[in-house]
Amino acid sequence: MPAVSKGDGMRGLAVFISDIRNCKSKEAEIKRINKELANIRSKFKGDKALDGYSKKKYVCKLLFIFLLGHDIDFGHMEAVNLLSSNKYTEKQIGYLFISVLVNSNSELIRLINNAIKNDLASRNPTFMCLALHCIANVGSREMGEAFAADIPRILVAGDSMDSVKQSAALCLLRLYKASPDLVPMGEWTARVVHLLNDQHMGVVTAAVSLITCLCKKNPDDFKTCISLAVSRLSRIVSSASTDLQDYTYYFVPAPWLSVKLLRLLQCYPPPEDAAVKGRLVECLETVLNKAQEPPKSKKVQHSNAKNAILFETISLIIHYDSEPNLLVRACNQLGQFLQHRETNLRYLALESMCTLASSEFSHEAVKTHIDTVINALKTERDVSVRQRAADLLYAMCDRSNAKQIVSEMLRYLETADYAIREEIVLKVAILAEKYAVDYSWYVDTILNLIRIAGDYVSEEVWYRVLQIVTNRDDVQGYAAKTVFEALQAPACHENMVKVGGYILGEFGNLIAGDPRSSPPVQFSLLHSKFHLCSVATRALLLSTYIKFINLFPETKATIQGVLRAGSQLRNADVELQQRAVEYLTLSSVASTDVLATVLEEMPPFPERESSILAKLKRKKGPGAGSALDDSRRDPSSNDINGGVEPTPSTVSTPSPSADLLGLRAAPPPAAPPATSGAGNLLVDVFSDGPAAQPSLGPTPEEAFLSELEPPAPESPMALLADPAPAADPGPDDIGPPIPEADELLNKFVCKNNGVLFENQLLQIGVKSEFRQNLGRMYLFYGNKTSVQFQNFSPTVVHPGDLQTQLAVQTKRVAAQVDGGAQVQQVLNIECLRDFLTPPLLSVRFRYGGAPQSLTLKLPVTINKFFQPTEMAAQDFFQRWKQLSLPQQEAQKIFKANHPMDAEVTKAKLLGFGSALLDNVDPNPENFVGAGIIQTKALQVGCLLRLEPNAQAQMYRLTLRTSKEPVSRHLCELLAQQF
Amino acid sequence: MQFMLLFSRQGKLRLQKWYISLSDKEKKKITRELVQTILARKPKMCNFLEWRDLKIVYKRYASLYFCCAIEDQENELITLEIIHRYVELLDKYFGSVCELDIIFNFEKAYFILDEFLLGGEVQETSKKNVLKAIEQADLLQEVSYSTSLLY
């Protein structure tokens, strides 16, 4: 039982809570709750004369049940009734219920708003505050519409009580945050600013929050707040610790208000008025001075409140970034905190110093703390503090200390927490590139990264090292030598094999003169890793091998032998099989010249924002850009290390490194000019997806492949298709289709092209064509953001029996979709037999670290496989009669949803797929159509008749087919179109 | 502040206050995630952590954890003292407050919070003023108002 039962004890409630607490199991608890819910429901339903106390008690019980985590779907009306009770506690409980369990039922909202309106007009401050609290707690747009205009009036009215003003200010703040358009600016704004002068500290505290929020959008309207805020702050800072009575907190005068005022000042540049500025600087100095004074209390509350003001002061100093003296003092203060025994202070000091490091005035001062920070990285026991230390090292890094910082970070990486390894890897990779004076150091560092934390080296990082090596011929020989040595380790990470494979394929010739790394040695070293690697790496190595044939003709026979081996040519993986087949043919049919042209050294990559930097920014949000600030401060770094030219524009084309590895569907960035024959060959070798040709015939690459007669007797279509449909996630693994899925699907019943789906992140376009029982669909996934999507995987799922009715083969698409880029996916579709439900398209990806998933219905409906049939009236009626069994007919009478226009209707029916037959129906207003649905297993003849009734705005649609479910299904599909 | 959660060492949620609009499903997900994260932390660790794009400030008082989510530019230390002041208010009102008081009088815990914080911002920092408002309400509890009297 409760220790105290203050206020109005509700015995029934206390007993119920005790019961719940005594429940031994979850099941018992649910049972008890269900019993109570039944009881309350019957009380609410049955006894009309339920008194206010009981109503309050039951509403309170419902609230308790809801807060335990159970759903509550009734009681709202009773709670609304309590709002108009004339007993305070009943009203209060009613408001609490409404605040916690908002319901968007419009009738209820009208009643709630009515009750609030009455209370706001009541002139009873306690009631007014309750109503304002409710608005602030709910903060919905509906409430904004109803009250946003009234609240400013209450806020600045001369006769409003202080407590009402406080609630009104914060209530308005919440409404403004939710729907800024609803809060009208006006003459009240000037009066709000003057609340900063109010005698009541509570009113000032509430008003500052409101002004801070409003002035961000309308800085000029609130400009006068600067001088008022400064003078208020100055009065607080200079007051003795007891002056402010109850607003003093553990000997610190008005800490909350001080922090809020300092935050408000951060919305503006330094004050222009010299007197105001002088006074402010004095305040800031006072705060810094006080930090050096002995504490007035040993309580942690005292030091926290004092330091909260200090940190906010430092934030303001950093924000102004114009007072070198204050910046250096701030830095020294933070330096003291770096070794404080309070973990919280060390954490905050590291965090705050990160921003100081990017100021030109304090960068050097921050750098003096490097040893302390490195020590923190090694010894802090809390991972979140170590993370801050790593952030700070990154922020304070420049050319003078880069080698030290990078080597410390590498050392830390060996024992670092798994949670932050990837980030450290990215940071090391960026710093190594940015501050590399000689590129051999850069190459060493990246290879070290792979050695120490290979699993955390993302594609971006090793793509980047390849780009840099490709672009800088002074480091290519060194890189080749170093990877060759690294690959000799008995166990080396797969990423090392990838980098090694690529670099040796391009630049292996630079070390081939040394007998210890002669071509055959290089090849056998790489090939010794081959069998342990994943498919993607093996695919890359196969490309290296064909490059070796070009670079080192003496390896041709050995490599052809490898390519010819059954394990390659008959590999279960189509990608490997295709590469082996194509490379083998290329090496045997192409002349040396053609081979040299096709396999020419990669052209330099265009300079653009480093993809690693972009990745780090995505991981860390805008704050991670401090490396960018560095390069702004140190423009010379751009000249030497052009690779990280910071451009604000985002990468809009797929990363070129993706192309160079030949694993992506996009063509290579720069196809060297060649004879037309060789040009075709190039496409065939490098593109592993069909080009966007809307043709159903075999595409050139299919022909190329079929001429080769691949040893695995598979159809050319299957070769291009995803080899493992069985690996697709089952329907259990994907979410249900989005609510609009059916509506989106309906849009495509009568058309084949268009935008299937669009939200803020993603656009999915469709282009499809169907012939007989076959179809090909192109899906275009457009990334609408400026940030790369990762782990992008669209899959097609066949729920239920669909697997046996419809075959859909998909090509895999690139796992990354760059900001602004579009990727294409090709689907080959075969209708095996009639089907009712469309396949599902499940799209999953990570956007800025957050997983996104989306399930749509693929616009493949049975009518897509319609073949129109022309026939004369006589034939039509004869067949119509043949299909007269009741189950063969489906009919629907429905209201027109769109204007009844004969031309539009015609177009829709044609789009639906049937032929339109003129002069069949005696009534010229009616439409008659015929067609055959083509499936692999059977054909279904269909006849349809649509009778519009313009007067009643109705249609009657009749379908007759030889198969009962088809009639019904077509009828349903078509009826939704008009 | 975006939200405040109170939960026990066993992970039971005792109070939740949301200053942003979220679906019930999302609220439950956030709660589950944070309760797990915080309960897994060791006692001497710092009271702040980064979570999604928010900062979490939490502190344990006896068997209860108080946890606030604040935005990037908000002040961690002052938030820590918001928590402390709220605990003081509860303590003063209930007289050496314990978890049971909050369980059995959850509605009072909400009322006190509303007087102290509104829309995620500190409304009134004076302990006296907050408690005065609550006590006034308690006095009013069974007094009947006839609406006509108010005009």
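Below, chain A is the first sequence line, B the second, and so on; all start at residue 1.
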Heavy-atom distance under 4.5 Å to chain A: side chain of [X], backbone, both or neither?
| X | result |
| --- | --- |
| B:Arg52 | neither |
| B:Ile103 | both |
| B:Lys17 | side chain |
| B:Lys128 | both |
| B:Phe106 | side chain |

Can you check whether anything in residues 129-137 of chain A gets within less than 4.5 Å of chain B, heavy-atom wise, and list it by number?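 Residues in range: A:His133, A:Ala136, A:Asn137.
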
Not counting sequence neighbours, which residues clear side chain to side chain contact (heavy atoms under 4.5 Å, CB included) with B:Lys132? List them please.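 Expected list: B:Asn129.
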
For A:Lys26, which residues count as a side chain to side chain contact (heavy atoms under 4.5 Å, CB included) partner, sequence neighbours excluded?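 Scan of A:Lys26 (side chain to side chain contact (heavy atoms under 4.5 Å, CB included), adjacent residues dropped) gives A:Glu29, A:Ile30.
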
Taking B:Ser126, B:Gly120, B:Ser96, B:Gly119 one by one, which has the highest count of heavy-atom pairs under 4.5 Å against chain A?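 Heavy-atom pairs under 4.5 Å are most numerous for B:Ser126.
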
Side-chain heavy atoms of [X] within contact of [Y], under 4.5 Å:
| X | Y | value |
| --- | --- | --- |
| B:Gln73 | A:Gln266 | no |
| A:Arg381 | B:Lys42 | no |
| A:Val100 | B:Trp18 | no |

With side chain to side chain contact (heavy atoms under 4.5 Å, CB included) as the test, would you mind laying out the steps for A:Val300 and B:His84 before giving the verdict? CA-CA 11 Å; A:Val300 68; B:His84 188 75; over 6 Å; no

According to the interplanar angle, ranging from 0 to 90°, do the rings of B:Phe48 and A:Tyr347 count as parallel (below 30°), tilted (30 to 60°) or perpendicular (above 60°)?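 The arrangement is tilted - the two ring planes meet at 30° to 60°.
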
Check salt bridge (Lys or Arg N to Asp or Glu O under 4.0 Å) between A:Glu312 and all other residues, then give those that pass, not counting sequence neighbours.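 With sequence neighbours excluded, A:Glu312 shows a salt bridge (Lys or Arg N to Asp or Glu O under 4.0 Å) to A:Arg263, given in chain and number order.
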
A:Thr205, part contacting chain B, at a heavy-atom distance under 4.5 Å: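 For A:Thr205, the contact with chain B is made by backbone and side chain together.
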
Side chain / backbone / both / neither for A:Lys91 at chain B, heavy atoms under 4.5 Å: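 Nothing of A:Lys91, per the 4.5 Å heavy-atom cut-off to chain B.
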
Side chain to side chain contact (heavy atoms under 4.5 Å, CB included) between A:Ser384 and B:Arg41, worked out: CA-CA 11 Å; A:Ser384 32; B:Arg41 286 176 65 86; 3.4 Å; yes

Is it the case that the side chain of B:Gln123 and the backbone of A:Ser167 share a donor-acceptor pair, with hydrogens and angles ignored and the cut-off at 3.5 Å?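 Here the side-chain-to-backbone pair exists.
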
